[in-house]
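By convention in this document, chain letters (A, B, ...) are assigned in the order of the sequence lines, proteins followed by strands, and residues within each chain are numbered from 1.
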Amino acid sequence: MEEILEKLTDAQRRAVTHIDGPLLVLAGPGSGKTRVITYRVAYLIAKGIPPNRILAITFTNKAAEEMRRRLEAMHLPRGSTICTFHRLAARLLREYAERADLSKNFTIYDEADQLIAMRDALKALELDSKNFPSGKMLTHISNYKNDLVTPEQLAQLPQDFVGGKLVEIYRAYQKQLEKNNALDFDDLLMRLALLLRDDTELRDRLNERYQYVLVDEYQDTNHCQYQIARGLTLNHNNLCVTGDPDQSIYGWRGADIGNILAFEEDNPEAAGVHLEENFRSTPEVLNLADSLIRHNVQRKEKQLFTSKLSGAMPELAEYEDERAEAHGAAQYIKEKRHEGFEYRQMALFYRVNSLSRVLEEALRRERIPYQMVRGVEFYQRREIKDVLAYLRVLVNPSDRVSLKRIINTPARGIGNATVKRLFDYSENAGKDIWQVLAEADRLETIGAAAKTNVKKLVQMIHSWQVNTDKPVVEIMKMVYEQSGLKAMLAAEKSEDPAANVQELINSAVDYDSRIEKPALDDYLQQIALVSDADAYDEQAGAVSLMTLHTAKGLEFPVVLIVGVEEGLIPHARSAENEKEIEEERRLLFVGITRAQKKLCLSYASNRTFRGTRQATIRSTFLRGLEGLVFRREIEYEPDHNLNVADDLETGLTGNEPLSFIRGQLVRHSKFGLGRIQEAIASRDHPRVVVRFNAGGQKTIELKYAKLEKLDE
DNA sequence: CGAGGACACCTTTTT
DNA sequence: GGTGTCCTCG
Ligand SMILES: Nc1ncnc2c1ncn2[C@@H]1O[C@H](COP(=O)(O)OP(=O)(O)OP(=O)(O)O)[C@@H](O)[C@H]1O
């Protein structure tokens with residue numbers, strides 16, 4: 001117990017030792033909020049509270065894992081529930097499926113599945129996907145769900161034409177999910193919140209089970225999540241939340257700083273603790289961060305000091321374009337490596353994922369090891385989704401989205417026309433799709449070959465279904481091999497897909513050994529809820545690349561933030577109003593405050609975006625930043641106007657690009673006079689970028705276009 | 001039936 | 001640069 005409290009400041013200790021009643025910890029970055037949550041759990045256990053009566057909610061699975069690891073290091077008994085809101089919801093909804101009016105084997109739909117379900121819903125309503133784009137519809141519905149608005153409630157509200165349609169779409173979409181025995185991410189939260197609201201007996205029981213509830217990163221909870229936290233603690237009010245309003249970056253998915261106000265209103269007796277010492281960053285980094293966040297009008301000022309020693313000034317670097325920026329980032333990393341930092345201590349952040357590509361290329365070129373912190377991406381790959389779709393069908397035969405995916409993957413002679421006929425028939429006759437498949441023999445519209453193929457598939461699936469209580473790996477391997485997927489991937493040109501499936505199989509081995517009661521349905525639900533940050537491996541010995549959003553909660557001695565430009569941060573699509581811009585500013589704030597020692601921001605004067613190169617403007621956020629110094633002259637390669645494309649592995653054989661130097665006056669047959677901006681040597685596509693006098697900048701393929709060099 | 005090509009459309013951030 | 005959709009051809 002002493003040991004626990006020893007490592008805390010007075011303020012932290014006050015928060016940790018506060019046992020009963022609501023507690024609100026509001027504090028700036030690096031002040032130890034997460035530590036308070038972890039130590040508070042430890043303290044409660046040390047005080048004799050049974051571990052399984054404690055529930056701690058984290059923002060990512062990775063954070064949960066980390067917290068569990070720390071508690072274990074303190075040699076405390078295990079058994080506390082530490083997970084994300086989504087994981088908790090999935091678990092409780094499974095446990096209390098009947099009361100929630102669900103079947104236990106529900107599938108959790110990811111974004112791609114949701115899109116398909118939405119398209120099906122729109123088709124059923126005979127709505128044109130042009131006027132009602134699926135993605136946008138899903139965003140609206142997601143917002144409603146996060147606010148706990150059901151289709152019925154929505155219908156009560158006065159609606160214009162589009163609004164009225166939205167009610168219908170919301171209903172139809174839910175009907176699709178229901179038919180598939182599926183829940184989307186928001187459903188998980190909403191169903192649990194509603195269950196806690198309506199089923200008072202269960203609520204009491206869960207209040208009993210979770211005597212103490214703690215929520216980290218509270219500033220990014222949405223209404224629905226708050227209702228869950230509140231519902232779980234209604235009887236005892238032992239709810240402790242920590243957060244930083246300046247780090248709220250998920251407003252776009254319903255997170256509401258208003259929840260902090262709600263917490264105070266709902267718990268007027270709540271104790272409040274402020275933590276004012278930052279244990280992470282140098283004063284230089286903190287000053288910079290403060291000079292940025294000060295510009296937000298809608299905010300309460302907070303004190304934050306550090307006793308860390310003064311360090312290097314944060315730097316700002318300007319580059320000609322994104323390639324130069326990526327190269328500069330690689331140089332910066334090498335420089336820090338020389339100064340003695342390890343690769344794993346460095347991170348590169350960007351606003352949008354698309355910026356990572358050029359960075360990866362540069363790092364590869366410089367042989368710098370890196371890891372992409374993007375856990376979800378893996379599970380979105382075609383070959384992975386294929387394998388998982390088979391497993392999903394085994395667990396939840398109603399999942400037609402998955403069934404449609406696998407019915408002819410690999411191709412087994414059940415073509416699109418057949419599939420459509422089968423599903424249409426099931427729809428129109430009101431018969432279960434499996435019944436239709438079983439009776440396909442008798443359907444006149446189905447070709448003879450297709451009939452046998454359907455029969456074979458159904459038999460195969462049945463043969464697997466009796467085996468679903470085996471370890472997950474075994475089922476996975478069996479399905480992968482017997483379905484023909486393995487053969488299909490083996491025949492492909494690229495070996496990556498097969499290797500990816502192998503990785504999936506390995507992760508299943510890991511799952512089977514890690515979990516007490518491994519089960520296929522549980523495995524699938526776990527996988528559906530991975531977060532991007534989960535891919536972060538602190539031991540990897542590699543530089544970490546991730547979005548600013550993913551960086552939340554992490555810390556690195558060396559941090560680089562690239563693309564600090566108008567349109568990127570603040571993002572063009574988040575610049576509608578001051579509120580959005582303030583969130584963008586917070587996002588940059590989060591990025592900056594991840595840095596412990598060294599920080600470098602950069603921007604490129606030109607950036608190629610969807611194929612066209614455009615001049616950029618540096619971010620307005622850079623204005624009024626204090627204590628940022630220009631990075632000293634960037635060492636360009638001697639031939640800095642020569643970029644090397646990927647396909648060029650050996651020496652330069654192409655004659656053309658090299659003969660063009662920057663600033664050379666040229667004439668193009670169609671676009672007229674212009675000047676070379678950049679020359680790109682490449683085996684297959686030697687090209688130059690020309691800024692034409694008539695306006696505009698174009699990339700000219702030297703293979704196809706004749707450029708005439710002119711003397712001045 | 002199915003493979004492959006042409007074309008449009010969208011890519012901000014994520015559980 | 002990816003993906004869904006429509007078309008053609010074998
Ligand atoms: N009392 C303390 N003594 C020494 N180090 C501490 C103390 N409290 C926190 N730290 C360290 O400070 C760093 C930041 O702590 P933590 O991640 O808990 O802060 P946070 O407030 O959750 O940060 P953020 O909100 O920026 O994610 C961690 O490395 C942590 O170990």
Peer 1: Nearest to the A:Thr547 side chain among B:dT13, B:dT15, B:dC1, which nucleotide is it?
Peer 2: B:dT13

Peer 1: Between protein and nucleotides 2-9 of chain B, what N or O pairs are separated by less than 3.5 Å?
Peer 2:
{"residue": "B:dG2", "atom": "OP1", "partner": "A:Gly413", "partner atom": "N", "Å": "2.5"}
{"residue": "B:dG2", "atom": "OP2", "partner": "A:Asn408", "partner atom": "ND2", "Å": "3.0"}
{"residue": "B:dG2", "atom": "OP2", "partner": "A:Gly415", "partner atom": "N", "Å": "3.3"}

Peer 1: Only counting residues at least two apart or in another chain, list the ones meeting ring-ring contact (aromatic ring centres under 6.0 Å, His included) with A:Tyr523.
Peer 2: A:Tyr511

Peer 1: Given B:dT15, B:dT13, C:dG2, which nucleotide is nearest the side-chain atoms of A:Arg357?
Peer 2: C:dG2

Peer 1: Can you tell me how far C1' of C:dG2 sits from CD of A:Glu377, to the nearest Å?
Peer 2: 12 Å

Peer 1: Report the residues that fulfil salt bridge (charged side-chain N to carboxylate O under 4.0 Å, His left out) with A:Glu578, sequence neighbours left out, ordered by chain and then residue number.
Peer 2: none

Peer 1: Tell me: NZ of A:Lys136 to C1' of B:dC10, nearest whole Å?
Peer 2: 9 Å

Peer 1: Quick one: does NZ or CZ of A:Arg253 land under 6.0 Å from the six-membered ring centre of A:Tyr250, within 45 degrees of the ring axis?
Peer 2: yes

Peer 1: Is it the case that more than 12 heavy atoms not belonging to A:Asn577 sit under 6.0 Å from its CG atom?
Peer 2: yes

Peer 1: Looking at residues at least two apart in the chain, or sitting in another chain, which of them share a salt bridge (charged side-chain N to carboxylate O under 4.0 Å, His left out) with A:Asp399?
Peer 2: A:Arg392

Peer 1: Atom pairs, N/O to N/O, protein against nucleotides 3-10 of chain C, distance under 3.5 Å?
Peer 2:
none

Peer 1: Not counting sequence neighbours, which residues clear salt bridge (charged side-chain N to carboxylate O under 4.0 Å, His left out) with A:Lys104? List them please.
Peer 2: none

Peer 1: Determine whether A:Leu196 and A:Gln227 make a side-chain contact, defined as any pair of heavy atoms from C-beta on separated by less than 4.5 Å.
Peer 2: no

Peer 1: Would A:His571 pass as stacked on B:dT12, i.e. its ring centre under 5.5 Å from the base's six-membered ring centre and planes under 30° apart?
Peer 2: yes

Peer 1: Using whole Å, what does the distance between atom C1' of nucleotide B:dT14 and atom CG of A:Asn61 come to?
Peer 2: 12 Å

Peer 1: Would the number of heavy atoms belonging to other residues, nucleotides or ligands and lying under 6.0 Å from CD of A:Glu555 be above 12?
Peer 2: yes

Peer 1: Using whole Å, report how far CZ of A:Arg421 lies from P of B:dC1.
Peer 2: 6 Å

